[in-house]
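Following: one structure in structure tokens, then a few remarks.
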Amino acid sequence: MRDKKVLFMVQAAAIAAIYVVLTVLFAPLSFGEVQIRFAEGLTVLPYFTPAAIPGLFVGCIIGNILGGAIPVDIVCGSLATLAGAALSYLLRKHKFLVPLPPIVANALVVPFVLYYGYGINLPIPFMMLTVGIGEIVSCGVIGTILLLALDRYKGILFRTEKSASV
């Protein structure tokens, strides 16, 4: 039981760290009304492990803080990632639907943050489109490529208590 908790925490921490690095490394593309946050491609990881849910949430919080986001963006943007990750986990039996929840969650939430929080004076539906396109690139394309690549090695990379004892 203790080993399972440790494994969960290690996986969550590793995912959070990778999310932060990708967000900061690609900061010019990770923020704004037209954004492609490559770290959002990691939102397919709940397909492999539930530890990805808190990992992505914490990674998004830290990435937003380090990226200079305002408090409402730190909270609402991170909650959108959390919702997307949790819903992706619920869809894990439908592999090709896993990237969909983070696309929808961010396309619905982030434009309101941009409009009301940052004062970006563009129509919200237009920003839903631009953020949605960025999410399709990061989650739909990059995330799906990552999902298919990792799926071949899931028994090795995302060990569970059961596979660890074999």
Side-chain angles (χ1 to χ4, degrees), residues 5 8-94 96-144 146-147 158:
K5 289 180 181 179
F8 184 93
M9 290 191 311
V10 168
Q11 287 176 342
I15 291 167
I18 295 167
Y19 190 103
V20 170
V21 168
L22 289 173
T23 301
V24 173
L25 186 64
F26 296 105
L29 296 172
S30 296
F31 299 94
E33 60 273 13
V34 177
Q35 58 180 261
I36 298 174
R37 187 175 285 201
F38 293 105
E40 284 288 303
L42 300 174
T43 57
V44 299
L45 295 180
Y47 173 79
F48 301 102
T49 175
I53 299 168
L56 292 165
F57 179 57
V58 171
C60 189
I61 291 170
I62 296 169
N64 283 343
I65 290 169
L66 294 177
I70 61 173
V72 70
D73 191 5
I74 294 167
V75 172
C76 294
S78 301
L79 287 173
T81 296
L82 175 64
L87 292 170
S88 289
Y89 178 74
L90 295 175
L91 289 175
R92 68 190 180 280
K93 292 184 180 173
H94 307 282
F96 293 102
L97 294 180
V98 169
L100 192 58
I103 294 170
V104 173
N106 283 289
L108 292 177
V109 172
V110 172
F112 287 97
V113 172
L114 294 171
Y115 189 83
Y116 293 108
Y118 290 100
I120 295 175
N121 197 16
L122 290 171
I124 289 175
F126 175 73
M127 288 191 285
M128 286 178 169
L129 178 67
T130 62
V131 170
I133 290 169
E135 287 292 312
I136 289 169
V137 171
S138 59
C139 300
V141 176
I142 296 169
T144 300
L146 180 65
L147 177 79
F158 298 98

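Sequential numbering from 1 along the given sequence is applied to the chain's residues.
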request  = Can you measure from CG (L146) to OH (Y47) and round to the nearest 0.5 angstrom?
outcome  = 12.0 Å

query = Minimum heavy-atom separation for A12 to P54, with atom names?
reply = CB-CG, 4.3 Å

remark   = Taken to the nearest 0.5 Å, the spacing of I15 CD1 from L45 CG works out to 5.0 Å

request  = Determine, stepwise, if the pair Y19 / I61 fulfils side chain to side chain contact (heavy atoms under 4.5 Å, CB included).
outcome  = CA-CA 10 Å; Y19 190 103; I61 291 170; over 6 Å; no

Donor-acceptor under 3.5 Å (S88 side chain, V98 main chain) = yes

inquiry  = Would you say that more than 12 heavy atoms from the other residues, nucleotides or ligands in this model lie under 6.0 Å from the CZ of F38, or not?
reply    = yes

message = Which residue is it: V24, V20, I74, T23? I am looking for the one with a side-chain contact (heavy atoms from CB on, under 4.5 Å) to I62.
response = V20

key: Shortest non-hydrogen contact between P101 and L91, atoms and distance   = CG-CD1, 3.6 Å

ask   = How many angstroms lie between OG in S138 and CG in L22, if you round to the nearest 0.5 Å?
value = 11.0 Å

task = Would you give the length of the straight line joining atom OG1 of T43 to atom CG of L56, rounded to the nearest 0.5 angstrom?
result = 6.5 Å

request  = State, to 0.1 Å, how close Y118 and I70 come at their nearest heavy-atom pair, and which atoms those are.
outcome  = OH-N, 3.1 Å

query = What heavy-atom pair brings D73 and N64 nearest, and what distance separates the two atoms?
reply = O-ND2, 3.6 Å

request  = Look only at the side chain of Y89 and the backbone of A52, and say whether a donor-acceptor pair between them is shorter than 3.5 Å.
outcome  = no

query = Considering all heavy atoms of both residues, which atom of I103 and which atom of G132 are nearest to each other, and what is their separation?
reply = CG2-O, 4.3 Å

key: Closest heavy-atom pair and its distance - Y115, I120   = CD1-O, 3.2 Å

query = After noting the C-alpha distance and the side-chain angles of L87 and V104, does the key distance pass the side chain to side chain contact (heavy atoms under 4.5 Å, CB included) rule?
reply = CA-CA 10 Å; L87 292 170; V104 173; over 6 Å; no

task = Nearest 0.5 Å please: distance from the CD1 atom of I65 over to the OG atom of S78.
result = 7.5 Å

request  = Measure the shortest side-chain to side-chain distance between T130 and L122 over non-hydrogen atoms and say whether it is less than 4.5 angstrom.
outcome  = no

task = To the nearest 0.5 Å, tell me how far R37 CZ sits from T81 OG1.
result = 6.5 Å

